[in-house]
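Not measured: the values here are computed from a predicted model. When a residue number appears, it is its place in the shown sequence, counting from 1. Order of listing sets the numbers, starting from 1, for every ligand and every atom in it.
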Amino acid sequence: MKYCARVILAAWVLQLAIVPVVYGAAAEATVRSPDGRMSVSLRVNGEGRPEYSVLRSGRTIIDWSRLGFILANAPKLERNFELARVEEKAIDETWEQPWGERRFVRNRCSEQRVTLREKTGAQRALTVIFRVFDDGVGFRYEFPEQPALAHVDIVEELTEFAVAEPATAWWIPGGEWNRYEYLYNRTPLTELGQAHTPMTLKTASGVHVAIHEAALVDYAGMWLRRVSGQRLKAVLSPSSSGASVRRQAPFATPWRTLQIADSAAGLYMSDLILNLNEPNKLGDVSWVKPFKYVGIWWGMHLGTHTWASGPKHGATTAETRRYIDFAAENGFRGVLVEGWNKGWDGDWFARGDEFSFTEAYPDFDIVALAAYAKKKGVRLIGHHETAGNIANYEKQLGPALDLYAKLGIDAVKTGYVADAGGVQALGDDGKIHFEWHDGQVQARHHLRVVEEAAKRHIAINAHEPIKDTGLRRTYPNWVSREGARGMEYNAWGDPPNPPEHEVNLVFTRMLAGPMDYTPGVLSLTGAGGKRIQSTVARQLALYVVLYSPIQMAADLPENYAKYPRPFQFIKDVPVDWSDTRVLNGEVGDYATIARKDRNSGDWYLGSITDEEPRTLRVSLSFLDEGKKYFATIYRDAMIAGENGVEIETRPVSRHDTLRLLLAAEGGQAIRISPQRASARPKKKKQPEFDVE
Ligand code: NOJ
């Protein structure tokens with residue numbers, strides 16, 4: 001459907017209910033979620049300090065926790081308050097995603113705005129807004145326009161999260177050198193140091209909680225530091241300017257979010273982060289296309305090719321033509337080419353100022369290749385590695401994007417390889433300053449790139465990015481990003497990604513949004529011939545399990561030529577879905593997800609495990625009643641198969657329960673298509689062991 005038609009449909013589905021209720025001054029204000037399960041209270045204690053708590057079904061999830069700020073340019077904003085005004089309204093609307101895990105998203109919550117005012121002195125005001133959903137809470141601060149606080153320099157946000165019940169935490173360290181690219185720790189929450197978000201918790205009573213943020217715009221990213229016991233405090237990513245955040249009032253902070261569910265699956269099914277973001281600001285985004293791509297990439301990570309010029313240069317005209325041909329033959333829309341532009345020679349990590357984003361190496365004819373790709377029905381994907389030097393990149397941003405737009409290139413992978421805290425930005429003083437990948441400067445930078453790209457109808461996929469906080473809703477051309485250890489660690493990582501990592505991602509990093517993980521290495525081989533801890537069926541399952549609207553087939557074309565049958569799944573699997581169901585999962589252990597193709601009646605199912613072999617039972621009750629389907633199953637071979645994968649096609653219906661047999665480090669991928677006469681499989685093999 002064209003986007004304009006979608007907008008009309010979205011307007012038709014919109015049922016906005018706004019019922020404001022205004023109370024006078026009170027010492028405590030409580031608001032409940034629409035079904036009454038969740039409740040959030042705000043109070044000012046004896047010293048006039050604001051605090052909040054969160055209950056779910058009568059059980060305390062977050063005990064009284066502080067709110068407030070320490071400012072560099074004004075007295076602290078954290079005590080001497082009274083509740084000046086409390087307003088409530090109900091929100092219930094359904095909106096349509098231009099692309100995503102599901103087509104329609106319901107945003108149903110109770111909103112409470114609490115205005116706090118200092119009792120004496122300058123009587124400054126601060127508003128706290130809560131949105132309470134049946135599956136969690138978001139809250140943000142609003143700094144109103146007021147003479148006593150026109151400019152706001154925030155050195156500390158005092159927001160706390162006092163987790164009430166003993167909990168296990170899955171987390172990666174925040175404020176360390178390698179941005180977000182760590183293996184996940186699983187520890188008692190009492191052993192946490194400082195962590196990035198999303199951080200996922202499982203409490204002693206089995207409640208799952210994920211702490212994160214939504215709509216990180218012109219503000220510093222939030223880390224979580226344990227201050228005592230299970231009490232966590234927000235820490236704002238630092239800035240070279242001293243204060244982490246510098247803003248002019250009025251403004252609102254990002255939302256602090258708590259997704260709360262009975263199971264890991266419930267966390268993943270929550271749309272709370274997206275719902276807290278502003279609607280699409282770009283208007284008609286029918287030009288943003290979900291797609292699959294191949295690219296001159298894995299060879300560099302294996303060390304058989306180089307980004308740099310010379311005898312092993314990957315991005316040559318001849319090699320790119322080979323990839324374009326391969327993409328055209330196999331139905332991939334995109335061809336990523338890294339190392340095409342000048343600046344990669346020598347130690348590019350350290351010399352980001354040498355990158356040119358408009359000049360190609362002499363052995364890469366960008367104009368001819370873009371034309372050749374077009375002729376073949378394929379598009380080149382642009383690449384802007386900045387080595388974290390955004391001063392150099394921003395100088396060239398306009399002409400660099402213009403060049404791509406002129407050549408019909410409508411998606412760009414950006415990159416910020418630099419140690420955390422090592423982003424080089426131009427300050428107001430005209431000098432270079434070092435900034436964090438998730439600081440306010442970088443939050444601004446990413447949106448500048450996304451907005452400039454949108455003007456030219458270009459989509460952005462950022463690597464070494466700032467974390468995802470759901471901004472794809474507002475800027476649907478921000479299609480994907482990295483922000484965790486990706487497949488490249490299986491080429492050269494020490495250690496590489498253990499199988500548990502991808503399962504951890506599902507219920508941590510992926511709660512934030514799409515990831516360009518770059519799966520599909522069917523050769524199961526990293527640099528120097530090292531075996532990847534995976535199976536072919538698992539590589540296929542990753543396309544379903546780790547969502548992104550753009551997905552790479554990361555392996556070399558010559559490897560795909562060796563495994564045509566499993567490669568068929570990569571060719572078939574869609575990247576845009578009308579529905580998503582998490583069928584089972586435990587953080588770090590296993591996950592099974594089913595998704596429905598947005599453009600057909602097909603369902604796809606992906607299941608992955610950690611280092612343990614598993615048998616998982618999944619009901620197909622999500623299929624339509626009365627319809628017959630064929631399932632093409634790619635499973636870990638019980639006997640030697642095509643690089644360890646066994647493929648069978650069999651009829652199924654919604655009344656079947658499948659038994660998924662996953663090998664250690666393995667997985668299973670299934671395509672389920674409505675039966676058509678022409679689709680009837682020639683040979684039907686029905687082993688007893690996997691359908692009940
Ligand atoms: C790191 C990115 O994650 C990777 O995909 C890319 O190939 C290199 N940087 C070079 O830009």
Side-chain angles (χ1 to χ4, degrees), residues 172 177-182 293-309 312-315 319-320 323 334-357 360-361 364 380-390 392-393 396 400 411-420 422-423 437 442 446 449 460-468 479-494 496-497 501-502 505 509 514-521 526-527 542 546 548 550-556:
I172 52 170
W177 74 275
N178 197 351
R179 309 170 304 266
Y180 304 104
E181 295 173 17
Y182 290 94
Y293 69 102
V294 293
I296 299 181
W297 181 76
W298 185 239
M300 273 85 96
H301 290 275
L302 294 179
T304 52
H305 282 101
T306 57
W307 286 278
S309 59
K312 294 205 298 184
H313 189 209
E319 183 69 345
T320 307
Y323 271 80
V335 176
L336 169 71
V337 187
E338 296 199 357
W340 69 271
N341 57 320
K342 288 185 184 165
W344 290 91
D345 297 332
D347 189 4
W348 60 267
F349 281 55
R351 297 217 307 265
D353 53 338
E354 292 192 6
F355 278 120
S356 163
F357 299 103
Y361 279 122
F364 184 81
L380 293 180
I381 297 174
H383 186 227
H384 287 163
E385 173 57 66
T386 66
N389 192 323
I390 64 166
N392 178 45
Y393 185 37
Q396 302 182 53
V412 178
K413 171 176 171 179
T414 57
Y416 298 88
V417 174
D419 287 355
V423 169
H437 281 75
Q442 195 64 344
H446 279 289
V449 173
I460 295 293
N461 164 26
H463 279 229
E464 302 77 41
I466 195 164
K467 65 180 154 184
D468 197 343
V479 286
S480 198
R481 67 185 95 192
E482 193 184 38
R485 270 172 156 244
M487 179 60 83
E488 64 204 34
Y489 277 81
N490 288 333
W492 43 256
D494 185 16
N497 295 335
H501 176 63
E502 286 148 350
L505 288 177
R509 160 68 184 82
M515 177 176 177
D516 186 33
Y517 185 77
T518 67
V521 179
L542 292 176
L546 300 179
S548 173
I550 58 159
Q551 289 276 22
M552 187 177 203
D555 212 339
L556 308 174

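- Residue contact check: Trp344 has heavy atoms under 4.0 Å from atoms 10 (C), 11 (O) of ligand 1.
- Summarising the geometry of Asp419 relative to Trp177, their closest heavy-atom pair is OD1-CE3, 3.4 Å, with the distance given to 0.1 Å.
- Contact detail for His437 and Tyr416: the closest heavy-atom pair is NE2-O, 2.8 Å.
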(message) Pair Ser309, Asp345 - check side-chain hydrogen bond (donor to acceptor under 3.5 Å, both in side chains), show working.
(response) CA-CA 6 Å; Ser309 59; Asp345 297 332; 3.0 Å; yes

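- Using a 4.0 Å cutoff on heavy atoms, Met300 does not count as a contact of ligand 1.
- Counting heavy atoms only, Glu464 comes closest to atom 2 (C) of ligand 1 of the residues Glu464, Glu181, Met552.
- Under a 4.0 Å criterion applied to the non-hydrogen atoms of Trp297, ligand 1 contributes the atoms 4 (C), 5 (O), 6 (C), 7 (O).
- A donor-acceptor distance shorter than 3.5 angstrom exists from the side chain of His313 to the backbone of Gly339, with no hydrogens or angles considered.
- For ligand 1 and Glu488, the ligand atoms under 4.0 Å from any heavy atom of the residue are 1 (C), 2 (C), 3 (O), 4 (C), 5 (O).
- Listed by number with element, the atoms of ligand 1 under 4.0 Å from a non-hydrogen atom of Glu385 are 9 (N), 10 (C), 11 (O).
- Aromatic ring orientation, Trp344 versus His383: parallel (interplanar angle below 30°, classes split at 30° and 60°).
- Contact detail for Phe349 and Ala387: the closest heavy-atom pair is O-CB, 3.8 Å.
- Applying the 4.0 Å criterion to heavy atoms of Val417 picks out, from ligand 1, the atoms 1 (C), 9 (N).
- Distances from atom 5 (O) of ligand 1 to the heavy atoms of His301, Glu482, Glu338, Lys413 put Lys413 nearest.
- Counting the atoms of ligand 1 from 1 in the order shown, those under 4.0 Å from a heavy atom of His383 are 11 (O).
- Minimum interatomic distance between Gly388 and Ala418 (heavy atoms only, all atoms of both residues): CA-CB, 4.0 Å.
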